[in-house]
Every structure is written in C-alpha cells, then in structure tokens.
Amino acid sequence: EPLPAGIVVYSVPPARGELLHYSLDNAARGHYCVQLINSVGQVVCKKDIFIQVGFIDDYLQLPSGIVRGVYTLSILPDNKDRIVKKILVQ
C-alpha cells in the first residue's frame, strides 16, 4: 500500500520529549534537513538525513523542554522547495 501524499505524522499529537514519527513519499535521493520550528520561527530541533530510496520514514527526538503548542515540521531537500506541516505538540 503506498504512503499517503505529503508529510504524514504518526502518533498525533506527539508529546514533549518523545519521538515524532513522520514519513514523506516521492522523496528524491540525497540530503534533507528536517527541522521543528516554533511559532516565532526559531528552530527547536533539527536533524540531517540522507535518503537512498524513494521515501522517508524516520523519527525526530522532540526536546523535553519545549512548550506545548503549534510547531512547523519542515523537510528541506537540497536545491528544492521546503515541505511543511503544522503539528500540535502536547
């Protein structure tokens, strides 16, 4: 069964200090920068990943000290447009 289009976040809403499981279909091979951005534009955590297959299925460790609220999960491929999804962190 194919993955749904766009960024999919599992275990919604994620809790502070836990792993955020996400996937992205139709991902080209190469380097990606995954970021969690708060409501004022600050990057609260980030991870670099390298993809060798046509999709991303990965985890991001959420900091335990972040406040509850709405964040933007951003996946930025090299030389391509940023892909974003708003998520609520509990």
### Message
Assigning hydrophobic clusters by single linkage (Ile, Leu, Val, Met, Phe, Trp, Tyr; side-chain heavy-atom cutoff under 4.5 Å), is L36 placed with V12?
### Response
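Result: yes, single cluster for both.
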### Query
Do V84 and V34 belong together in a cluster built from hydrophobic side chains that touch within less than 4.5 Å?
no
Side chains of [X] and [Y]: closer than 4.5 Å at any heavy-atom pair?
{"X": "I49", "Y": "I56", "result": "yes"}
{"X": "S23", "Y": "I7", "result": "no"}
{"X": "H31", "Y": "D48", "result": "yes"}
{"X": "Y10", "Y": "L20", "result": "no"}

[X] side chain to [Y] main-chain N or O, any donor-acceptor pair under 3.5 Å?
{"X": "R82", "Y": "L76", "result": "no"}
{"X": "D25", "Y": "G6", "result": "yes"}
{"X": "Q35", "Y": "L73", "result": "no"}

### Task
Taking side-chain contact (heavy atoms from CB on, under 4.5 Å) as the test, write out the residues that go with A15, two or more places apart.
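E18.
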### Task
In sequence, state the C-alpha distance, the side-chain angles, and the governing distance for V44 and I37, and then conclude on side-chain contact (heavy atoms from CB on, under 4.5 Å).
CA-CA 6 Å; V44 296; I37 303 167; over 6 Å; no
### Message
Does L60 form a side-chain contact (heavy atoms from CB on, under 4.5 Å) with Y22? I'd like the steps, not just the answer.
### Response
CA-CA 8 Å; L60 185 64; Y22 61 94; 4.1 Å; yes
### Task
Not counting sequence neighbours, which residues clear salt bridge (Lys or Arg N to Asp or Glu O under 4.0 Å) with K47? List them please.
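In terms of salt bridge (Lys or Arg N to Asp or Glu O under 4.0 Å), with neighbours along the sequence ignored, K47 is linked to D58.
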### Message
If I compare all heavy atoms of Q61 with all of G17, which pair ends up nearest, and what's the gap?
### Response
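Shortest heavy-atom separation between Q61 and G17 comes out as NE2-O, 2.7 Å.
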